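This report refers to the structure that appears directly beneath it.
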Amino acid sequence: MKIVMLGAPGAGKGTQAIKISEKYNIPHISTGDIFRSNIKQGTELGTEAKKYMDQGLLVPDELVVALVADRITKEDCKDGFVLDGFPRTIPQAEALDKELEKIEEKIDFAIEVDVKDENIIKRMAGRRACVDCGATYHIEYAPTKVEGICDQCGGKLILRDDDKPETVQKRLQVYHEQTRPLIEYYNGHNILKTVDGAIGIEDVFNNIVEILGA
Ligand code: AP5
């Protein structure tokens with residue numbers, strides 16, 4: 001099962017992608033996580049990506065496409081994958097389709113997690129990320145057992161640099177201009193499914209499972 005997650009920044013794509021990955025036993029591939037891990041390791045890719053991420057802008061297509069094209073041809077992707085944060089532009093979506101065509105495959109589902117901009121701003125202010133493993137929480141909707149400490153690895157929780165309100169506004173603007181056209185793109189391919197992302201995390205997931213099949 002090959003799945004693409006769509007939705008505004010903070011809509012809950014990552015939260016749901018992790019749950020899909022666990023239930024269907026397919027890898028969760030987050031381009032945002034890959035960039036953050038490169039930033040942490042101080043790689044050339046990380047340094048280049050950070051320049052764009054800190055401003056709420058998209059990393060150039062040529063840096064992202066090669067990275068994903070390589071990742072989805074790894075052995076663990078042979079039964080499928082869930083892509084989170086990719087594609088984000090029409091050229092990225094077209095490049096993905098071309099890569100999959102080469103191995104006679106295609107995306108099966110594009111799942112849009114739909115949340116209004118007003119809700120997004122509130123969510124982002126409450127999101128906390130682990131500095132060590134990158135796991136994300138929410139101070140109100142998905143709290144940790146001990147405040148400020150990651151449940152998974154005991155790392156310290158922080159507000160991501162790009163979750164500051166002024167950067168979130170920019171990310172939302174970029175989303176509407178460059179990523180939102182993908183809804184039409186996947187609708188045209190008859191694989192778009194939209195779920196309400198403004199309800200509880202488990203309810204959103206149940207609706208996704210209904211779409212994907214148990
Ligand atoms: P990325 O990390 O992909 O950021 P994003 O798309 O903006 O998405 P987020 O991770 O912010 O949000 P999400 O939808 O996954 O929400 P989450 O589940 O965490 O990318 C970061 C940057 O990298 C980009 O800005 C760009 O610069 C660059 N980049 C990445 N990919 C790229 C690409 N393909 N091309 C170019 N540039 C790229 O949930 C948010 C919060 O809400 C959490 O606290 C969560 O606990 C909570 N929550 C989730 N669901 C619910 C719910 N149903 N109810 C209440 N709270 C909820």
Side-chain angles (χ1 to χ4, degrees), residues 4-21 28-39 45-46 48-69 71-72 82-96 111-117 119-130 134-144 150-151 157-164 167-180 182 195-208:
V4 157
M5 301 300 292
L6 299 172
K13 302 181 295 295
T15 302
Q16 297 301 328
I18 290 167
K19 293 172 82 62
I20 293 170
S21 159
H28 165 220
I29 303 172
S30 155
T31 41
D33 285 352
I34 294 173
F35 288 137
R36 281 184 288 278
S37 149
N38 274 272
I39 291 170
L45 174 66
E48 190 57 23
K50 190 172 181 349
K51 288 186 209 159
Y52 299 92
M53 291 169 76
D54 283 353
Q55 296 178 67
L57 301 173
L58 295 185
V59 175
D61 287 343
E62 56 272 24
L63 288 183
V64 196
V65 168
L67 189 140
V68 174
R71 181 65 188 89
I72 61 173
V82 50
L83 281 174
D84 162 19
F86 183 96
R88 254 187 162 94
T89 62
I90 297 284
Q92 288 183 17
E94 290 171 344
L96 174 63
I111 297 182
E112 178 198 14
V113 182
D114 184 31
V115 177
K116 303 262 168 299
D117 287 8
N119 286 350
I120 297 283
I121 311 265
K122 184 175 175 205
R123 274 201 195 170
M124 302 303 245
R127 174 162 62 177
R128 295 294 177 271
C130 175
T136 55
Y137 301 91
H138 193 281
I139 50 174
E140 195 178 333
Y141 308 122
T144 46
C150 177
D151 285 350
L157 301 187
I158 52 153
L159 181 71
R160 252 168 55 180
D161 280 345
D162 61 345
D163 279 353
K164 303 202 166 111
T167 317
V168 171
Q169 290 285 6
K170 183 67 194 171
R171 285 164 67 196
L172 276 171
Q173 185 196 332
V174 167
Y175 168 74
H176 285 290
E177 286 169 9
Q178 298 188 53
T179 306
R180 183 84 199 154
L182 290 176
V195 291
D196 180 2
I199 56 179
I201 292 172
E202 288 308 319
D203 295 328
V204 178
F205 185 58
N206 288 339
N207 290 341
I208 291 176

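Start at 1 and go down the list; that is how both ligands and their atoms are numbered. Please read these numbers as outputs of a predicted model, since none were measured by experiment.
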Could you tell me whether Ala142 approaches ligand 1 through its side chain, its backbone, both or neither, with non-hydrogen atoms closer than 4.0 Å? side chain
Nearest non-hydrogen protein atom to atom 34 (N) of ligand 1, with distance, is Gly85 O, 2.8 Å
To check your reading of the model: name the closest protein heavy atom to atom 30 (C) of ligand 1, its residue, and the distance in Å. Arg88 NH1, 3.2 Å
Short N/O distance, under 3.5 Å, between Lys13 and ligand 1? yes
re atom 41 (C) of ligand 1, the protein heavy-atom contact at minimum distance is Arg127 CD, 4.0 Å
If you have a sec, work out which protein heavy atom is nearest atom 46 (O) of ligand 1 and how many Å separate them, to one decimal? His138 CB, 3.5 Å
Could you find the nearest protein heavy atom to atom 53 (N) of ligand 1 and give me its residue, atom name and distance? Ile199 O, 2.7 Å
Does Gly126, backbone or side chain, put an N or O under 3.5 Å from an N or O of ligand 1? no
Do you know the tightest heavy-atom contact between Leu83 and Val68? CD2-CG1, 4.0 Å
Please check whether Phe86 reaches ligand 1 - meaning an N/O of the residue sits under 3.5 Å from an N/O of the ligand, judged on distance alone. no
Hey, is ligand 1 close enough to Thr31 that some N/O pair sits below 3.5 Å? yes
Can you tell me which residue and heavy atom of the protein come closest to atom 35 (N) of ligand 1, and the distance to 0.1 Å? Gln92 NE2, 3.0 Å
Report yes if some N/O of Arg171 lies less than 3.5 Å from some N/O of ligand 1; otherwise report no. yes
Under 3.5 Å between any N/O of Pro9 and any N/O of ligand 1: does that happen in this structure? no
Contact (N/O only, under 3.5 Å) between Arg36 and ligand 1: yes
How far is atom 45 (C) of ligand 1 from its nearest protein heavy atom, and which residue and atom is that? Thr15 OG1, 3.8 Å
Can you report which non-hydrogen protein atom sits closest to atom 42 (O) of ligand 1, along with the distance? Arg123 CD, 3.4 Å
So for ligand 1, is Ala11 a polar contact partner (N or O within less than 3.5 Å, distance only)? yes
